[in-house]
2 protein chains.
Amino acid sequence: MSTANYPHPAVTVDVLVFSLINNELKIALVRRDIEPFKGIWAIPGGFVKETETLETAAKRELKEEAGIKEVFLEQLYTFGDPKRDPRERVITVAYYALTPSYKLQLRADTDVSEAKWFGINKLPELAFDHRVIVNYAIKRLRAKLEYTGIAHAFLPDEFRLSELQAVYEAVLNKKLDKRNFRKHIETMNILESTKLFDTEGAHRPARLYRVRQKTMITL
Amino acid sequence: MSTANYPHPAVTVDVLVFSLINNELKIALVRRDIEPFKGIWAIPGGFVKETETLETAAKRELKEEAGIKEVFLEQLYTFGDPKRDPRERVITVAYYALTPSYKLQLRADTDVSEAKWFGINKLPELAFDHRVIVNYAIKRLRAKLEYTGIAHAFLPDEFRLSELQAVYEAVLNKKLDKRNFRKHIETMNILESTKLFDTEGAHRPARLYRVRQKTMITL
DNA sequence: TGAATAGTGTCTTTCAGACAATATGCC
DNA sequence: GGCATATTGTCTGAAAGACACTATTCA
């Protein structure tokens with residue numbers, strides 16, 4: 001049996017880039033410049049090249065789209081409904097990335113007229129089945145936040161605990177008690193305090209923390 | 001831009017069927033009857049047809065392979081290393097299924113000379129990157145068992161708590177305390193007791209339980 | 001009555017969740 | 001001193017984990 005007898009669909013990777021901007025969870029979208037769905041916002045992505053890994057393809061997209069290095073990147077799910085793309089069958093492997101906003105600069109890429117951040121509660125109409133994909137990603141992100149320590153992926157290497165709390169609050173979309181939050185973080189034991197303080201503002205300076213090890217748990 | 005300019009890899013689904021046989025966690029494997037890896041054991045799978053969903057393809061494989069209906073089936077991960085298949089690029093979307101052993105009858109399918117259950121600690125050499133896939137699935141299965149209630153997917157509709165405990169012990173590969181286990185199940189609140197008893201054997205009969213609702217949590 | 005499995009309770013520790021007062025630095 | 005944020009502890013309830021005895025059926 002040769003594999004040549006079987007259908008060969010197109011395969012893309014889509015990358016959902018999440019970041020925290022003004023204490024709001026946002027996602028990077030691009031406006032399509034071509035049909036189908038011309039003028040409609042979409043998750044950035046592109047075709048997987050012959051010789052590259054899926055993850056490599058995702059990283060390439062990430063770089064083309066936002067010039068990023070070294071961010072949390074994880075495979076999300078593969079969407080393969082035969083009719084999800086009206087042109088031909090396109091199976092897409094979705095990845096999601098978490099990054100501090102200062103690390104990146106959105107830029108419009110090929111086939112795209114514009115790139116922009118959208119608060120996840122203010123999403124425009126999306127192309128293809130991208131709304132489903134975004135919802136799925138948000139669900140996963142929230143679950144992941146609760147049982148791992150990825151929140152720091154949105155922050156610089158050194159950060160205040162109040163910043164970390166703001167990440168949780170934005171992602172989970174609810175207020176947290178400061179004392180209980182700090183106890184929880186203590187229990188998780190993935191942070192260590194530095195000797196540095198953030199002395200911004202007319203108030204008591206905050207101690208800075210960092211991640212104890214680079215433990216990027218990927219289940 | 002047309003999608004025709006881009007590479008179109010072959011796409012398969014592989015289905016890891018897990019079951020509990022003699023209180024041992026086993027996985028169904030098939031022996032390949034053709035090159036490459038002729039004679040080597042592999043995860044059952046096949047090419048995704050033009051018009052079918054990925055999940056439909058997985059269900060079809062499941063049926064062809066084991067004549068099953070209605071089992072727990074979930075997408076696992078997509079493996080896309082360009083060199084994972086020596087013939088041409090083949091991207092595979094892996095699914096895993098959990099089923100009671102009485103529900104299924106393994107049978108050799110096309111391109112396969114034999115189908116057999118293997119204890120997960122006694123796996124033979126596997127074709128392609130299937131060893132990596134199996135390891136990944138076991139990891140996911142264990143994690144899922146701890147924070148959801150899927151253990152019952154290995155059992156008939158009505159079962160003894162001691163059977164359920166045996167599932168946990170086999171999957172997690174460790175002994176559990178009977179009282180603590182029952183308290184834990186109680187807490188999860190996904191089972192309800194029936195008025196039935198299992199009167200097998202020369203000993204006190206065991207009450208039978210069933211799942212409260214069909215809550216198949218799929219994250 | 002012996003063999004085999006079912007069924008059950010207490011204590012300790014850990015963590016989640018509710019809740020408010022003091023500390024520090026800048027202006 | 002006033003403002004803004006940082007930092008800290010106690011109580012209660014829920015669940016995990018350690019641990020051993022009684023109950024029921026059949027042969």
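None of these values were measured; they are calculated from a predicted model. Only heavy atoms go into these numbers, but all of them, side chains included; no hydrogens, no water, no symmetry mates. Below, read A as the first sequence line, B as the second, and so on, with proteins coming before strands; counting in each chain starts at 1.
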Engineer: Shoot me the first and last contacting nucleotide of DNA chain D against chain A, ordered 5' to 3', at under 4.0 angstrom to non-hydrogen atoms.
Structural biologist: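 Boundary nucleotides touching chain A, in 5' to 3' order, are D:dC3 to D:dT10.
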Engineer: Rounded to the Å, how far apart are A:Lys175 NZ and C:dA16 P?
Structural biologist: 20 Å
Engineer: Nearest whole angstrom, please: distance from the C1' of C:dC15 to the CZ of A:Arg179.
Structural biologist: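 In whole Å, C:dC15 C1' and A:Arg179 CZ are 16 Å from each other.
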Engineer: Is the phosphate of C:dC15 approached by A:His184 (side-chain N or O, under 4.0 Å from OP1 or OP2)?
Structural biologist: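 For A:His184, the contact criterion (side-chain N or O under 4.0 Å from OP1 or OP2 of C:dC15) is not met.
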Engineer: Could you give the CD-to-P distance, from A:Glu186 to C:dT14, as a whole number of Å?
Structural biologist: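 It is 14 Å, rounded to the nearest whole Å.
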Engineer: Provide, to the nearest angstrom, the distance between the NZ atom belonging to B:Lys183 and the P atom belonging to C:dG7.
Structural biologist: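 Rounded to the whole Å, the gap is 17 Å.
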Engineer: Taking for each residue the nucleotide of DNA chain D bearing the nearest heavy atom, is the 5' side occupied by A:Asp177 or by B:Lys178?
Structural biologist: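 It is A:Asp177 whose nearest nucleotide is closer to the 5' end.
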Engineer: Would one find more than 12 heavy atoms of other residues, nucleotides or ligands at under 6.0 Å from atom CD of B:Gln105?
Structural biologist: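 Count not over threshold, so no.
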Engineer: Just say parallel, tilted or perpendicular for the rings of B:Tyr136 and B:Tyr77, cut-offs at 30° and 60°.
Structural biologist: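 Correct class here is tilted.
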Engineer: Rounded to the nearest 0.5 Å, what separates atom CD in A:Glu169 from atom CZ in A:Phe181?
Structural biologist: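 A:Glu169 atom CD to A:Phe181 atom CZ measures 8.0 Å (nearest 0.5 Å).
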Engineer: So, is B:Arg182 near the phosphate of C:dG7, with a side-chain N or O under 4.0 Å from OP1 or OP2?
Structural biologist: yes
Engineer: Would a 4.5 Å heavy-atom cut-off, applied to side chains only, mark A:Phe18 and A:Ile138 as touching?
Structural biologist: yes
Engineer: To the nearest Å, give me how far apart CZ (B:Arg160) and C1' (C:dA4) are.
Structural biologist: 12 Å
Engineer: Just by distance, do the side chain of A:Thr92 and the backbone of A:Ala94 share a donor-acceptor pair under 3.5 Å?
Structural biologist: no
Engineer: Expressed as a whole number of angstroms, how long is the span from A:Phe197:CZ to C:dT24:C1'?
Structural biologist: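 Nearest whole value for this atom pair: 10 Å.
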Engineer: It should be established whether B:Ser162 places a side-chain nitrogen or oxygen under 4.0 Å from OP1 or OP2 of nucleotide C:dT5.
Structural biologist: no
Engineer: Could you tell me whether B:Asn22 atom CG has more than 12 heavy atoms of other residues or ligands within 6.0 Å of it?
Structural biologist: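 No, not enclosed.
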Engineer: Could you give the CG-to-P distance, from A:Asn180 to C:dA18, as a whole number of Å?
Structural biologist: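 Computing the A:Asn180:CG to C:dA18:P distance gives 7 Å.
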Engineer: For A:Leu176 and C:dA18, what is the distance between atoms CG and P respectively, to the nearest whole Å?
Structural biologist: 10 Å
Engineer: Near A:Lys103 NZ, under 6.0 Å, is it more than 12 heavy atoms from other residues, nucleotides or ligands?
Structural biologist: yes
Engineer: When you match A:His203 and A:Thr187 each to their closest nucleotide on DNA chain C, which lands nearer the 5' end?
Structural biologist: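 The 5'-side residue here is A:Thr187.
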